[in-house]
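Naming convention: chains lettered A, B, ... in sequence-line order (proteins, then strands); numbering from 1 in each chain.
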Amino acid sequence: MNCADVQTHLVELVYDEMPAEQQPDVRNHLASCDTCRAVWHDIEMAHQSMSQLSQPENPSPVDVVGVYQSVAIRSKQSHKRWRAGTFVAGLLAIAMLFLVIVRVSIDLEKGQIVISWNDPAKIKPTLPTTTDPWPRLDENSDRISAVEELVQLTAHEVLTEDSKLQEIVALRQQIASWQLRMARQLDDLQARDNLRWKLIAEELALRDSLDANFALTRLKP
Amino acid sequence: MLASSADFELIQRGSQGDAAAFEILVRRGEQPVSRMLARFVGGRTGGSSSDVEDLTQKVFLRVLAASGRYQNNGAFSTWLFRIALNISRDAARRRNRRQDTLRKRPIEQIAVTPSETASRREIDEHVSDILNRLPDKLREPLVLKHEGELTFAEVADVLNVPVGTVKSRVTTALLKLRAELKGRGIDETELQP
């Protein structure tokens with residue numbers, strides 16, 4: 001055994017925990033090595049000073065009954081805390097559920113807190129459409145009626161509180177009014193066109209009549 | 001020290017309300033535990049004997065509270081001293097926070113002139129003072145070994161370090177103690193019993 005090996009085991013020798021089979025080798029080395037013997041001597045002296053240290057005065061015996069009582073009290077307090085914690089957690093869960101179901105929004109510009117629980121009704125365009133550029137007069141009347149109804153609906157929608165909806169409604173109202181004007185202009189054009197065709201038809205009829213009269217006058221002797 | 005397989009049965013019975021069984025464990029362990037606590041808490045942080053009694057009571061209170069979770073996978077003594085060590089560390093931390101500085105007695109108050117023979121009491125004070133000045137890493141295994149009457153393997157189990165580390169730290173602590181005693185003029189003749 002070398003000095004490093006021996007010195008790591010010296011403390012076992014001092015505390016009498018060295019295996020019996022190891023002791024002869026260590027003791028033989030100590031007998032022949034001054035350095036290791038000096039280290040062993042220092043450890044031995046320090047061990048003695050620790051062993052001779054006066055013991056602190058004996059404390060009072062542990063109160064076993066008091067220990068059981070303290071454990072019982074702590075157990076009760078822990079149970080109370082657990083119940084309180086569960087109650088608070090339940091309240092928080094209900095509050096979270098409420099916030100999920102009920103939408104809460106804060107409008108800072110208007111200083112409002114809005115609570116709603118349904119999605120706002122989606123406004124669907126109900127404008128009638130047609131592909132015929134020259135609809136007949138009765139179809140156009142239906143169209144005018146539908147547009148007028150839409151104007152009334154949009155006017156009603158203006159009364160809603162949602163500012164964005166109001167904007168959309170306003171735009172749609174404008175569109176509806178344009179369309180109404182267009183429809184009326186279209187009606188006018190249609191009426192004029194009908195009148196023009198009527199006049200043309202009358203003119204043609206008159207010409208036919210004139211031609212027929214002229215033909216008759218030429219045939220008479 | 002406590003290392004009996006019957007200890008597990010005593011703990012089980014104690015956790016089920018058998019105070020007599022639990023008292024057997026308490027009476028066996030209270031002296032080593034209180035001696036260990038006195039070295040840790042009574043020294044560096046200036047605790048009193050009533051503090052040591054309170055802490056010893058606290059150790060066994062925690063042992064009883066945790067007895068339902070004790071598994072028979074190691075000596076009861078190492079489990080007991082692990083609890084005691086944690087409690088002493090908590091107490092030392094609390095005291096250090098309150099006091100802000102370690103309460104160390106100046107060496108001049110206990111030093112004797114080298115020409116005078118140090119009395120037993122003075123040697124004790126020197127040894128205690130040197131122990132208190134050791135870092136925890138060296139002091140804990142040394143105190144556990146001496147006051148806890150534990151083997152190196154049990155000390156390693158309590159501190160959760162390898163056995164070789166415990167032996168190395170105890171060796172270093174003892175050599176530091178010896179060097180410091182020499183530096184204070186206490187020679188080996190005064191250390192002889």
Side-chain angles (χ1 to χ4, degrees), chain A residues 1 3-20 22-23 26 30 35-79 81-82, chain B residues 14 17 19-20 22-23 26-27 29-31 33-35 37-39 42 49-50 52-53 56-65 67 120-121 123-124 126-128 130-131 142-143 145-147 151-153 164 166-168 170-171 173-179 181-182 186 188 191-193:
Chain A
M1 292 182 92
C3 291
D5 289 336
V6 168
Q7 286 182 23
T8 57
H9 292 288
L10 286 176
V11 72
E12 292 173 72
L13 190 64
V14 167
Y15 282 95
D16 203 21
E17 284 190 38
M18 183 175 282
Q22 209 173 1
Q23 290 189 26
V26 171
L30 287 174
T35 307
C36 289
R37 199 164 53 246
V39 172
W40 175 65
H41 182 70
D42 282 340
I43 294 174
E44 184 68 53
M45 288 295 108
H47 174 253
Q48 272 187 28
S49 65
M50 285 291 297
S51 301
Q52 290 161 20
L53 205 55
S54 55
Q55 295 299 322
E57 57 186 66
N58 283 337
S60 306
V62 170
D63 177 13
V64 174
V65 172
V67 167
Y68 270 91
Q69 286 173 348
S70 299
V71 168
I73 290 169
R74 281 193 186 185
S75 175
K76 261 190 203 170
Q77 286 173 346
S78 167
H79 187 63
R81 275 198 297 269
W82 185 85
Chain B
F22 187 66
E23 187 165 3
V26 170
R27 297 298 166 237
E30 62 183 345
Q31 294 296 329
V33 166
S34 64
R35 283 200 305 267
L37 289 170
R39 290 281 171 243
S49 60
S50 64
V52 174
E53 285 174 11
T56 308
Q57 186 91 1
K58 198 171 174 181
V59 167
F60 287 100
L61 197 155
R62 203 175 282 188
V63 166
L64 182 62
S67 59
R120 186 72 257 165
R121 190 182 67 81
I123 293 172
D124 280 358
H126 278 288
V127 173
S128 295
I130 295 166
L131 264 183
L142 184 60
V143 170
K145 190 80 186 79
H146 269 274
E147 305 299 350
T151 63
F152 284 112
V166 172
K167 291 178 191 172
S168 167
V170 169
T171 304
L174 288 171
L175 290 173
K176 275 186 182 288
L177 174 63
R178 175 70 180 143
L181 284 170
K182 275 186 187 174
I186 298 172
E188 58 193 61
L191 294 174
Q192 298 292 344

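- The shortest distance between side-chain heavy atoms of V62(A) and R27(B) falls below 4.5 Å.
- Using a 4.5 Å cut-off on side-chain heavy atoms (C-beta onward), T8(A) and K167(B) make no contact.
- The residue among V14(A), I43(A), V39(A) with the most heavy atom pairs within less than 4.5 Å of chain B is I43(A).
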Checklist entry - Stepwise, does the side chain to side chain contact (heavy atoms under 4.5 Å, CB included) test hold for I123(B) with Q52(A)? => result CA-CA 9 Å; I123(B) 293 172; Q52(A) 290 161 20; over 6 Å; no
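- Shortest non-hydrogen contact noted between F60(B) and V67(A) is O-CG1, 3.8 Å.
- In this structure, the side chains of D42(A) and L174(B) stay at 4.5 Å or more apart for every pair of heavy atoms.
- Chosen from T151(B), V143(B), L142(B), the residue pairing most often with chain A at heavy-atom distances under 4.5 Å is T151(B).
- Between V64(A) and F22(B), the closest heavy-atom pair is CG1-CD2, 4.0 Å.
- When all heavy atoms of H146(B) and S51(A) are compared, the pair lying nearest together is CE1-OG, 3.7 Å.
- When heavy atoms are compared at a cutoff of 4.5 Å, E23(B) approaches chain A by way of both its backbone and its side chain.
- Q57(B) places a side-chain N or O within 3.5 Å of a backbone atom of D63(A) that can act as its donor or acceptor partner.
- When the candidates L10(A), V11(A), V71(A) are compared by the number of heavy-atom contacts under 4.5 Å with chain B, V11(A) comes out ahead.
- Neither the backbone nor the side chain of S75(A) comes within contact range of chain B; no heavy atoms are under 4.5 Å apart.
- Between the OG atom in S49(A) and the CZ atom in R178(B) there is a gap of 8.5 Å [rounded to 0.5 Å].
- One finds a salt bridge joining E17(A) and K145(B) here, because a Lys/Arg side-chain nitrogen approaches an Asp/Glu carboxylate oxygen to under 4.0 Å.
- In this structure, CG on L177(B) lies 11.5 Å from NE2 on H47(A), to the nearest 0.5 angstrom.
- Both the backbone and the side chain of E12(A) have a heavy atom closer than 4.5 Å to some heavy atom of chain B.
- Contact check for L181(B) versus M45(A): no side-chain heavy atoms found under the 4.5 Å cut-off.
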